[in-house]
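Below: the structure, in C-alpha cells.
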Amino acid sequence: MTDRTRKQYEAMRGHFHRAAGQGGFTLDPAQELPVERLSRLAGELAHPAWRLRRSPRHLYLWGPVGRGKSWLVDTFLDGLPTPLKRRLHLHDFFRRLHEGVAHHSESRTAESRMTESRTADGAAVDRAVDELLGDCRILVFDEFHAHDAGDAMLVARLLRTLLDRRITLVTTSNYPPAGLMPDPLYHHLFEPTIRLIEERMDVLDVSGPVDFRRRPRSDRAHGFGLGARLRPGEETSAGLTPPRPGEAGPVAGHHRELSARAVREDHVWLDFQELCEGLTAVADYLALADRFPTIVLDGVPPLTKASPDGRRRFANLVDVCCDRDVRLVLIGADPLAGLPADSTLMRDLDRTASRLALLSRPAREAAG
C-alpha cells in the first residue's frame, strides 16, 4: 500500500466513524466489514486511473431493509475527494437509458438495421451509457433490484457494459445476487447475470441485527417524510382540500396523459385505479415527481385486493417518491392490511413497507 493509498484509506475510515458519531450511533459490527472494504476502495481510487493496471474490484452490498446500506454508500461518496463520482437512482437511470437506447437505435441507417441485429442493441446501450456517465470513475446504484422481466435483459447488458469499463461499480440491494429476479418464470433468464455479479463483484452481507429504522431521528422530516397515510375524510388533517367536481382533468405523464381528480400548483390528485391499475410506467411517476412536490393517491386498497401489476406499480411509485424526496399522501385502506408477515408477497414488499413506515398517520389510527 503506497503512502497516498494509506492516507486516503485512513481518511475514509475516520470519515465513517465521525459521520456515525454525528448521527448519534456507533457502527454496527455487521457494518465494520463494508466500512473496511469501502475505505480500501477509497485508497485504491486515490491514484489516477491511468496509473492502475486494472480498475478496483466492484462491490455488491446486500442485506434487509434498515441495515444502513444507503448510509454506507452515501457516506462513502461524501468522503471521496474525486469529482468523477455519480450516485444514480435506478428508476431514473433506466428511464434515461431507455430514451438513449431508443434514440441511438432509431438513428441507425436502414442498411445497418438489416445487418446488425442483436449487436445493434448492445451498441445503442454502449452509446447511451457513454452519454449518461461521461468520464465517471465510481458509480453507485442504491437499492439495485431486478423484478421486471422487460428490464432484466437491459440490466444484464448494462452490467456487462459497466463491468467491462474502467468504472468501479458499487451497488446496494435488499437481495443476495441469487435472489434477484425472483419470479420463477424468468429467473433462469437472469442466472448468467447473477453469475457475472458473483464473479466480478465482491459480495458483502450487511445482515446485522440492528434495524436503524427503529432508532430515533434527530433531523426534521422533509419531502417524503412529510407524507401521510389517511382514511377517507381525514384529508384536512394533512392540509388538503378534497377535489371539487370541476377540477378533474388531464395531467401530463411521460408521453401520455393521465386523468387526475385535481391538478393544482403544488400537488396532483390521482386515483389508485388510474395510476396503478392503468397502463402506466415508472417514467410516468418520474414525470409527475419532476413537476409536483406532492402526489396524492386516492382510493388505495389493501394490496391483497390489487392485481399483481397494480402492486408492482404501487411499489414503484413509492420508490420514485422516496428517491426523489417527493411528499406522498395515500388515502384509503392500509395497503399492507391482511398480508401475513411471513408470506412471499410481504417479503416482496419489504422495501415498500419500510418506506411506508416513514409516512405519518392520524393520531387515532396510530394509537389503535
request  = Check for a donor-acceptor pair, side chain of His17 on one end and backbone N or O of Met12 on the other, with a separation under 3.5 Å.
outcome  = no

query = Between the side chain of Ser39 and the main-chain N/O of Val35, is any donor-acceptor distance below 3.5 Å?
reply = yes

For Leu270 against Ser259, the heavy-atom pair lying closest together = CD2-O, 3.7 Å

task = Might you confirm whether atom CG of Asp266 has over 12 heavy atoms from other residues, nucleotides or ligands at distances under 6.0 Å?
result = yes

message = Show the nearest heavy-atom pair for residues Gln31 and Val206, with the distance to one decimal.
response = CG-CG1, 4.4 Å

query = Can Ile295 and His267 be said to form a side chain to side chain contact (heavy atoms under 4.5 Å, CB included), step by step?
reply = CA-CA 6 Å; Ile295 295 175; His267 69 274; over 6 Å; no

query = So, does Ser173 use its side chain to make a donor-acceptor pair with the main chain of Phe144 at under 3.5 Å?
reply = yes

Side-chain (Lys85) to main-chain (Cys136) donor-acceptor, under 3.5 angstrom = no

query = Which heavy atom of Pro293 sits nearest a heavy atom of Val326, and at what distance?
reply = O-CG1, 3.5 Å

message = Apply side chain to side chain contact (heavy atoms under 4.5 Å, CB included) to residues Leu297 and Phe314 and explain how you reach the verdict.
response = CA-CA 10 Å; Leu297 187 66; Phe314 177 77; 3.9 Å; yes

Pairwise distance CG(Leu88) to CG(Asp142) - rounded to 0.5 angstrom = 11.0 Å

request  = Starting from the C-alpha separation in whole Å, work towards a yes-or-no answer on ring pair (Phe, Tyr, Trp, His ring centres under 6.0 Å) for Phe25 and Trp71.
outcome  = CA-CA 12 Å; Phe25 64 94; Trp71 179 86; 5.2 Å; yes

message = Does any part of the side chain of Arg327, heavy atoms only, come nearer than 4.5 Å to the side chain of Phe292, both counted from C-beta?
response = no

ask   = Is a side-chain N or O of Thr2 found less than 3.5 angstrom from the main chain of Thr5, in a donor-acceptor match?
value = yes

remark   = Asp284 and His254 have their tightest heavy-atom pair at OD1-N, 2.8 Å

Under 3.5 Å: donor-acceptor pair, side chain of Thr75, backbone of Leu72 = no

query = Minimum heavy-atom separation for Leu61 to Val73, with atom names?
reply = CD1-CG1, 4.1 Å

task = Spell out, as yes or no, whether a donor-acceptor pair under 3.5 Å connects the side chain of Arg313 to the backbone of Cys276.
result = yes

request  = Say whether, by atom type as modelled, one donor and one acceptor occur between the side chain of Tyr285 and the main chain of Leu275 under 3.5 angstrom.
outcome  = yes

remark   = d(Thr294 OG1, Leu328 CG) to nearest 0.5 Å is 9.0 Å

task = Verify whether one side chain among Glu277 and Ser307 offers a donor that lies under 3.5 Å from an acceptor in the other.
result = yes

request  = Go through the side-chain N and O atoms of Asp298 and Trp269 and say whether any donor and acceptor fall under 3.5 Å apart.
outcome  = yes

key: Name of the residue among Glu36, Arg18, Gln8 meeting side chain to side chain contact (heavy atoms under 4.5 Å, CB included) with Arg13   = Glu36

request  = Output yes when a side-chain donor or acceptor of Glu234 lies under 3.5 Å from a complementary backbone atom of Arg231, and no otherwise.
outcome  = yes

remark   = Arg200 and His58 have their tightest heavy-atom pair at O-CD2, 3.4 Å

query = Would a distance-only check, ignoring hydrogens and angles, find a side-chain to backbone donor-acceptor pair under 3.5 Å from Gln273 to Asp271?
reply = no

